[in-house]
Amino acid sequence: MRHIGLSGGIGSGKSTVAKALEHMGYPVFYSDEEAKKLYATHPLLKNELIAIFGKDIYQKGVFQKHILATQLFENPALKEQIAALVHPLVRERFNEWAGQQTADLVFNEAAILFETGAYKQFAATVLVVCSLETRIQRVQKRDGLSREAVLQRIENQWSDAKKMNLTSYIITNDGQPLLQQIEEVISQLKTDLNA
Ligand code: ADP
């Protein structure tokens with residue numbers, strides 16, 4: 001079994017590709033959802049977050065994501081500190097999950113796979129890319145956000161160009177047939193990785 005990272009900027013269509021992979025029988029682990037679960041439930045992580053942000057980071061036991069977002073925006077250095085706490089836990093969960101799968105390829109979907117350096121831990125990575133204008137329109141429609149709010153989120157992530165330098169497999173989701181590209185990438189991965 002090979003572990004493959006799957007990423008793409010907000011609105012690129014990485015969740016759409018992940019769902020298609022699942023339909024094709026390839027298990028997908030959703031790192032961002034797992035991180036959210038850990039924030040809500042992991043006792044040691046909760047203690048660490050309370051130590052850093054104060055007890056208001058949980059209200060009636062519910063993790064206050066907006067407080068984290070505001071604090072990270074005001075103090076970007078904290079980002080690395082939080083990542084160092086959360087990522088090893090997500091990785092541990094992924095390894096446990098992967099140990100229960102039987103497919104020859106399993107995928108780990110993560111929004112900031114490249115930004116965190118996590119991409120280095122995979123046998124290969126697949127990046128979904130899409131033109132800026134299409135991404136803006138899709139996210140505005142999906143999340144009901146203003147153009148400026150979408151642009152702010154996009155600017156918080158690395159550019160496609162930077163990530164394209166670090167990945168061997170690219171899916172372009174700008175009107176090109178998606179399923180055909182996914183099938184081609186799977187076939188290429190199996191050949192290249194001998195999976
Ligand atoms: P991401 O997970 O990268 O943020 P999504 O997969 O959620 O992106 O896609 C963003 C939005 O665009 C979603 O509402 C999705 O249904 C839509 N979308 C994705 N790919 C396509 C496509 N090829 N054609 C039309 N709509 C698409």
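Counting convention: from 1, in listed order, for ligands and their atoms alike. These numbers come from a predicted model, not from an experiment.
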- prompt: So does Arg147 pair up with Glu133, basic N to acidic O under 4.0 Å?
  reply: yes
query: Around Asn194, counting heavy atoms of other residues, nucleotides and ligands shown, do more than 12 lie under 6.0 Å from its CG?
result: no
- prompt: Quick one: does Arg142's side chain have a donor or acceptor within less than 3.5 Å of a partner on Gly11's backbone?
  reply: no
message: Strictly below 4.0 Å, N to O, side chains only: are Lys36 and Glu33 in salt-bridge contact?
response: no
- prompt: Mind checking what residues have non-hydrogen atoms under 4.0 angstrom from ligand 1?
  reply: Gly9, Ile10, Gly11, Ser12, Gly13, Lys14, Ser15, Thr16, Arg138, Arg142, Asn173
field: Lys190 with Asp104: basic N within carboxylate O range, under 4.0 Å
entry: yes
field: Lys NZ or Arg CZ of Arg93 over Tyr30 ring: under 6.0 Å, within 45°
entry: no
